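Heads up, the thing below is written out as structure tokens.
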Amino acid sequence: MKAALITGVSSGIGLAVSRALLDDGWIVRGCSRTMPLSLEHDRFLWEPLDVAAPAAGDQLAALLRFRTLDALVHCAGTQEPVGAVADTRPDAWAAGVQANLIGAYRVVHAALPALQRNGSGRILLFSGGGAFGPRPAYSCYAASKAGAVALMESLAAELDGCGITANCVAPGFVP
């Protein structure tokens, strides 16, 4: 039976991907800040995790120690702060980068050993449309998601030939 780690499972894309993989017979270990209220399944295991927290990488590494993964699907993120650059606070901007870029790095770094133990697997990160052009009032989101795309492109090149692939998907607007 295949196993996946999915972040951001409490709502939106993370919840939808979790349901789809469970329907396909996967074991899903889901992580999010809040427990998904509408997802109960005997192959779903939930762990509280805030990818923006400095200890998130160590927490995930401990969770995955001695386990194998077939897939990592990173969906956690934020669009905050929203507003013109002149109107946003630097600490709020830094928190957004922490969640969207540093959080992505932490999750990937912690999950890589479990994928490597398996000898193959997939890493999928949801980048968002802001990564590919200007997005007025969403500069933090756009910049941090562009950084996440560069992270995945670099990781894909590093993993070339080892059986693990890394990709980003920009699904467009998700309500």
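Predicted model, so just to flag it, every value in this text is computed and none were measured. Note that these values count all heavy atoms, side chains included, but never hydrogens, waters or copies made by symmetry.
Residues V9 and G30 approach most closely at CG1-CA, 3.7 Å, considering heavy atoms. Minimum heavy-atom separation, V51 to A99: CG2-O, 3.7 Å. Scanning both residues, A166 and L155, for their nearest heavy atoms gives CB-CD2, 3.9 Å. Nearest heavy atoms, G96 versus T78: CA-CG2, 4.0 Å. A pairwise comparison of heavy atoms in V149 and S127 identifies CG2-CB, 3.5 Å as the closest pair. A pairwise comparison of heavy atoms in A4 and L69 identifies C-CD2, 3.9 Å as the closest pair.
The closest side-chain donor-acceptor pair between S10 and W46, if any, does not fall under 3.5 angstrom.
One finds the CG atom of D23 at 8.5 Å from the CZ atom of R43 (value rounded to the nearest 0.5 Å). Rounded to the nearest 0.5 Å, atoms CD (E153) and SG (C168) are 7.0 Å apart. For the atom pair CG (D50) and CZ (R106), the distance works out to 9.0 Å, reported to the nearest 0.5 Å. With values rounded to the nearest 0.5 angstrom, I164 atom CD1 is found 6.0 Å from L112 atom CG. Rounded to the nearest 0.5 Å, atoms CG (L64) and CG (L5) are 5.5 Å apart. Atom CD of E80 sits about 10.5 Å away from atom CG of N100, to the nearest 0.5 Å.
Residues L60 and V107 meet the side-chain proximity criterion, which asks for heavy atoms closer than 4.5 Å. Counting heavy atoms from C-beta on, the side chains of L125 and V169 never come closer than 4.5 Å.
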